[in-house]
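Take a look at the structure below.
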Amino acid sequence: MTAIEIINQIEADKISRHIEPHHATILEVDGVAKRLIRDELNQLWTDRKILVGDTINGKYIKIL
């Protein structure tokens, strides 16, 4: 999903729920994008296409 599609989705949701103002915020767009990326990474891990492991400062991702 592209940034434009995410913004359109957020705005459409706000319009359908009668929430004012209808515009999307950076925080909302960022939250949706992070969820989409996390879901995609989880699927890649489930499909064993990536390896995820620990480092001193966080986690690493390696394409298999």
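Computed over heavy atoms, backbone and side chain alike; hydrogens, waters and symmetry mates excluded.
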Quick one: [atom1] on [X] to [atom2] on [Y], what's the gap to the nearest 0.5 Å?
X     : Y     : atom1 : atom2 : value
Thr2  : Leu36 : OG1   : CG    : 10.5 Å
Lys49 : Leu41 : NZ    : CG    : 13.0 Å
Trp45 : Leu51 : CH2   : CG    : 10.0 Å
Leu44 : Ile50 : CG    : CD1   : 5.0 Å
Asp54 : Lys59 : CG    : NZ    : 4.0 Å

Exercise for review: Begin with the C-alpha distance, continue with both residues' side-chain angles, and end with the deciding distance and a verdict on side-chain contact (heavy atoms from CB on, under 4.5 Å) for Glu28 and Val32.
Suggested key: CA-CA 6 Å; Glu28 291 169 326; Val32 172; 5.7 Å; no

Review point. Quick one: are Thr25 and Ile10 in side-chain contact, heavy atoms under 4.5 Å?
Key: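 No, their side chains stay 4.5 Å or more apart.
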
Considering all heavy atoms of both residues, which atom of [X] and which atom of [Y] are nearest to each other, and what is their separation?
X     : Y     : result
Lys14 : His22 : CD-O, 3.7 Å
Met1  : Glu5  : CA-OE1, 3.1 Å
Leu64 : Arg48 : CD1-O, 3.6 Å
Ile7  : Ala24 : CG2-CB, 4.2 Å

Check your understanding: Thinking salt bridges, do Arg35 and Glu40 make one under a 4.0 Å N-O criterion?
Key ->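 No.
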
Check your understanding: Are Ile6 and Ile26 joined in one hydrophobic group, where the rule is that I, L, V, M, F, W and Y side chains link up if heavy atoms are under 4.5 Å apart?
Key ->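 No, Ile6 and Ile26 fall in different hydrophobic clusters.
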
Check your understanding: Heavy-atom count around Ile19 CD1 within 6.0 Å, excluding the residue itself: above 12?
Key ->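 More than 12 heavy atoms, drawn from other residues, nucleotides or ligands, come within 6.0 Å of this atom.
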
Check your understanding: What do the steps show when you test Thr46 against Gln43 for side-chain hydrogen bond (donor to acceptor under 3.5 Å, both in side chains), and what is the final call?
Key -> CA-CA 5 Å; Thr46 301; Gln43 188 60 50; 5.2 Å; no

